[in-house]
Amino acid sequence: QLQASGGGLVQAGGSLRLSCAASGLTFSMYPRGWFRQAPGKEREFVASISWSGGGSYYADSLKGRFTISRDNAKNTVYLQMSRLKPEDTAVYYCAVRTGDYYSDSKSYDFWGQGTLVTVSS
């Protein structure tokens, strides 16, 4: 129901924009979020956005480089990533927040399949 796309191989310092499109169900009234999972590591919070787009939250280490946005008319959430670093290499997942805690993966449902981002040095 959620399809993440836009991943790929990019050099350090480059940019990518990820998209997360919903189909089958409308999630325009739900907050949405991005998480990532690097090889051998646990899934970690990246960013979350309110249903209206008026509020956004980021992992402290990513503030200033990543920007989350949404287009409810398209039922799509975006993650603009800039000044990418090799440590940003991970599979990026999007999901719908149905719980109370924006940085806790347990507060999210309807996970997409993920899109791989690889940042080369």
For Ala12 and Pro86 the tightest heavy-atom approach is CB-CD, 4.1 Å
* Does the side chain of Val10 reach to within under 4.5 Å of the side chain of Ser15, using non-hydrogen atoms? -> no
Smallest heavy-atom separation, Ser107 atom then Asp100 atom, equals OG-N, 3.6 Å
Value for CD (Gln3) from OG (Ser19), rounded to nearest 0.5 Å, stands at 10.5 Å
Worksheet item: Does some side-chain heavy atom of Phe66 sit less than 4.5 Å from a side-chain heavy atom of Leu79?
Response: yes
OG of Ser61 to CD of Glu87, rounded to nearest 0.5 Å, is 9.5 Å
Residues passing the side-chain hydrogen bond (donor to acceptor under 3.5 Å, both in side chains) test with Arg65, sequence neighbours excluded, are Asp88
For Phe110, the ring-ring contact (aromatic ring centres under 6.0 Å, His included) test, sequence neighbours excluded, returns Phe27
(message) Counting C-beta onward and ignoring hydrogens, is there a side-chain heavy-atom pair between Trp34 and Tyr93 closer than 4.5 Å?
(response) no
| query | Leu18 versus Thr115: any side-chain heavy-atom pair under 4.5 Å? | reply | yes
**Asked** Side chains of Gln113 and Leu2: closer than 4.5 Å at any heavy-atom pair?
**Response** no
**Prompt:** Hey, does Tyr102 have a side-chain heavy atom less than 4.5 Å from the side chain of Arg97?
**Reply:** yes
Relative to the ring of Phe45, is the ring of Phe35 parallel (under 30°), tilted (30 to 60°) or perpendicular (over 60°)?
perpendicular
In terms of heavy-atom contacts, Val119 and Thr89 come closest through N-OG1, 2.9 Å
- Message: Are Tyr78 and Val96 connected into the same hydrophobic cluster when the rule is that any two of I, L, V, M, F, W, Y join if their side-chain heavy atoms are below 4.5 Å apart?
- Response: no
SG of Cys94 to CD1 of Ile49, rounded to nearest 0.5 Å, is 13.0 Å
(Q) What I'd like to find out is whether the side chain of Tyr108 reaches to under 4.5 Å of the side chain of Thr98, using heavy atoms alone. (A) no
With hydrophobic residues grouped by side-chain heavy-atom distances under 4.5 Å, do Ile68 and Leu16 end up in a single group?
yes
Rounded to the nearest 0.5 angstrom, the CD-OG distance for Glu44 and Ser103 is 11.5 Å
Query raised in the report: For Pro31, does its backbone N or O pair with a side-chain atom of Ser50 as donor and acceptor, under 3.5 Å?
Result: no
N/O donor-acceptor pair under 3.5 Å between Arg70 side chain and Asn72 backbone: no
Should we count CH2 of Trp111 as having more than 12 external heavy atoms under 6.0 Å?
yes
*Measure the shortest side-chain to side-chain distance between Arg36 and Leu62 over non-hydrogen atoms and say whether it is less than 4.5 angstrom.*
yes
Q: Start with the C-alpha gap between Arg32 and Trp51, add the side-chain angles, then the distance that decides, and say whether side chain to side chain contact (heavy atoms under 4.5 Å, CB included) holds.
A: CA-CA 7 Å; Arg32 303 262 289 270; Trp51 71 269; over 6 Å; no
What one should report as the nearest heavy-atom pair of Gly7 and Val117 is CA-CG2, 4.0 Å
